[in-house]
Protein chains: 2
Amino acid sequence: MATIGDVAREAGVARSTVSAVLTGRKYVSPEIRERVDAAISELNYTVSARARALATNRTMNIGLVVHFHEAEFAPALSTYITAISESAGNHGYRIMLLTGADAPEDIRRAIAEGVIDGLILLNVVEDDPRLAPIREARFAAVAIGMPSNTDGIDAVDLNFEEAARRIVQRVHEQGGKHIALLGWPQEVYDSGATYATRFRDVALASAQALGLPLDLYSLSVTPSEVREQLHALLSQGNHDALVVHNDAAIAMLPLALRDLPTPHPYVISLHSTELARLFQVPFDAVESEPELSSAAAVDLLVARLNDGDAPFARQLIDAVVREASAD
Amino acid sequence: MATIGDVAREAGVARSTVSAVLTGRKYVSPEIRERVDAAISELNYTVSARARALATNRTMNIGLVVHFHEAEFAPALSTYITAISESAGNHGYRIMLLTGADAPEDIRRAIAEGVIDGLILLNVVEDDPRLAPIREARFAAVAIGMPSNTDGIDAVDLNFEEAARRIVQRVHEQGGKHIALLGWPQEVYDSGATYATRFRDVALASAQALGLPLDLYSLSVTPSEVREQLHALLSQGNHDALVVHNDAAIAMLPLALRDLPTPHPYVISLHSTELARLFQVPFDAVESEPELSSAAAVDLLVARLNDGDAPFARQLIDAVVREASAD
DNA sequence: CTGAAAGCGCTTACAG
DNA sequence: CTGAAAGCGCTTACAG
């Protein structure tokens, strides 16, 4: 591997001059710059990230903390991972995966060893244990998901409140009178996953404001189980509108409805574009775009990295209404 | 951040002595070691990965090259990513994501910049363009998937041939007389994804050897489409045995069969444990375990990193037969 | 068994 | 505008 010294010799300049053209932080006369560039391509030189990291105290790596829950039905997860990696690449950063079972310790070590410049956390919950090591180290980090306390970190999340409001409003416009909210398993609500509780609470409030009764059902996320539950629930025929916030349920719903006599209830769901694409969800929907949240998270982190003293941000991303294609 | 110099001062020894206890490559008397250890925890010292990488010429990072195909139904993908990250962690390595649209260039740059020690490639196909930059640089890499030419790289893959043999044999034992092989979309076979062709070819050969007619069907990977296709195919009632090699098809099959009069054909499928878990597949199956292939890939890479001159390996992992639970 | 010195390949004040 | 020198924080021969 050629080094900066080889390039300097080849170009007949000092090493610091080569470094100047590499970093672009200093004026270098066009003629010299040209000679250096020629030497670089002649020798097929690439700056060593290792040496640069040591000298600049920056790795140009972003740690991505992701914990895969055993029993989760999360088709959008890999979309988030790629989208974040993609966005990071656009800013010159690479993604380093942090997947240790003991996430806080994993984070602590990554920070201490200095392998990353900043962190992005996926699926942050209300009282997330991964935030402590970040605050202790005063490290740059952005949460995807909304912790109750955002001191010391930036946060991006879908605007679940707005989504809930729009969905209930829409049910109302469609003439729905009696809503069933098909939500996540009870554990999800209990685990402090605020995306679940925030949506539920605002949906309840909005329905009440409109005088619409709304019954809450926590469904499974296992496709076969959810199918049974849907079948049981729907055959009662008590509801003329279904608000769905449960990926497995919306994926299975078309099949469950097939077994039932028409007319079917009005259905509207909150899910990701990824899920919609995969399962071709045939209902009205409010969709989150993982790419958008991912890009926003990376942007926030890069901004933080460039200005550590900026006020901490809490950014809410609006979901997009999509009407079912006629079929 | 404390440095090795601080630790040396605190412990009253030379910096090289601290380094010796850190690396463990040299004998250090117990008393000295203890003093050093005390100083380390006193100062809360962690070795700088940046400095170590520059000095040792190793980053302890593994690049994971993964390309997410837009229209793919691949629930096991995130399982692979985690499992690889987990296994890497067990060997002291971290995973760096390489997801650039121009994968060969992405690989070339990562190698040249020296940000990784080795590579793991996911979903390697027959004539994979990502192998060229690796061979050029004589870089350590293991493919998951079987390229036609494995010069210069190690490869791990499921033993699709064996899986096909066992599956057809099993159909025979179950009394199946006329098989439908429900496979991947035609594009998959055409793209050089050897997992598809290898399974298909051996299944055909095995069936022929047993005198069993086997009809081939390329199905969609979009759940709703596949459901229609299954319905159309099954209502003909021409086959008494279904061999499935298509994740979307096996996921939708239980629902498709529900609409049909019994008796149902005998069904056996090749898929991942991940898919089985997610969709609770109720049929006999031969299952691949992403965790196993992932661990094998990491093991191979670590071995390669420790001995660059070992002969290149092609490792086939056997899938596991799992009988449907009675229901 | 321990320690002083050089080196990994960059960047960045600082002189000139 | 350019170049010589120090420094980033480690590891690793090499003396002693």
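Order of the sequence lines fixes the chain letters, A, B, ..., with proteins taken first and strands second; residue numbering starts at 1 for each chain. Scope of the values below: all heavy atoms of this structure, side chains included, with no hydrogens, waters or symmetry mates. Please read these numbers as outputs of a predicted model, since none were measured by experiment.
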>> Check B/E136 with B/R108, please: is the shortest side-chain N to carboxylate O separation under 4.0 Å?
In response: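 Here B/R108 pairs with B/E136 in a salt bridge, since their nearest N and O are under 4.0 Å apart.
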
> With a 3.5 Å cut-off and no angle check, do the side chains of B/T79 and B/E274 form a donor-acceptor pair?
Replying inline: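 Yes, side-chain donor-acceptor contact under 3.5 Å.
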
> Between B/E289 and B/S272, do the side chains contain an N or O donor and an N or O acceptor separated by less than 3.5 Å?
Replying inline: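 Short answer, no.
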
Could you please name the option among [options] that lies closest to any side-chain atom of [X]?
X	options	answer
B/A55	C/dT11, D/dT11, C/dG9	D/dT11
A/R25	D/dT2, D/dG9, C/dT12	C/dT12
B/V47	D/dC8, C/dT11, D/dC10	D/dC10
B/L54	D/dT2, C/dC8, C/dT11	C/dC8
B/K26	D/dT11, C/dG9, C/dT2	C/dT2
A/A14	D/dA4, C/dT11, D/dG9	D/dA4
A/Y45	C/dC10, C/dT11, D/dG9	C/dC10

> Does a nitrogen or oxygen in the side chain of A/R15 sit under 4.0 Å from OP1 or OP2 of D/dG3?
Replying inline: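 For D/dG3, OP1/OP2 do not have a side-chain N/O of A/R15 under 4.0 Å.
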
> Hey, is the side chain of A/T17 poking within less than 4.0 Å of OP1 or OP2 on D/dG3, counting only N and O atoms?
Replying inline: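 True: A/T17 side-chain N/O within range (under 4.0 Å) of D/dG3 OP1/OP2.
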
> How would you label the contact of B/S19 with the nucleic acid (heavy atoms, under 4.0 Å): base, sugar-phosphate, or nothing?
Replying inline: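 Base contact.
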
> Which part of the nucleic acid, if any, lies within reach of B/S16 when heavy atoms closer than 4.0 Å are counted: base, sugar-phosphate only, or nothing?
Replying inline: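 Contact class for B/S16: base.
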
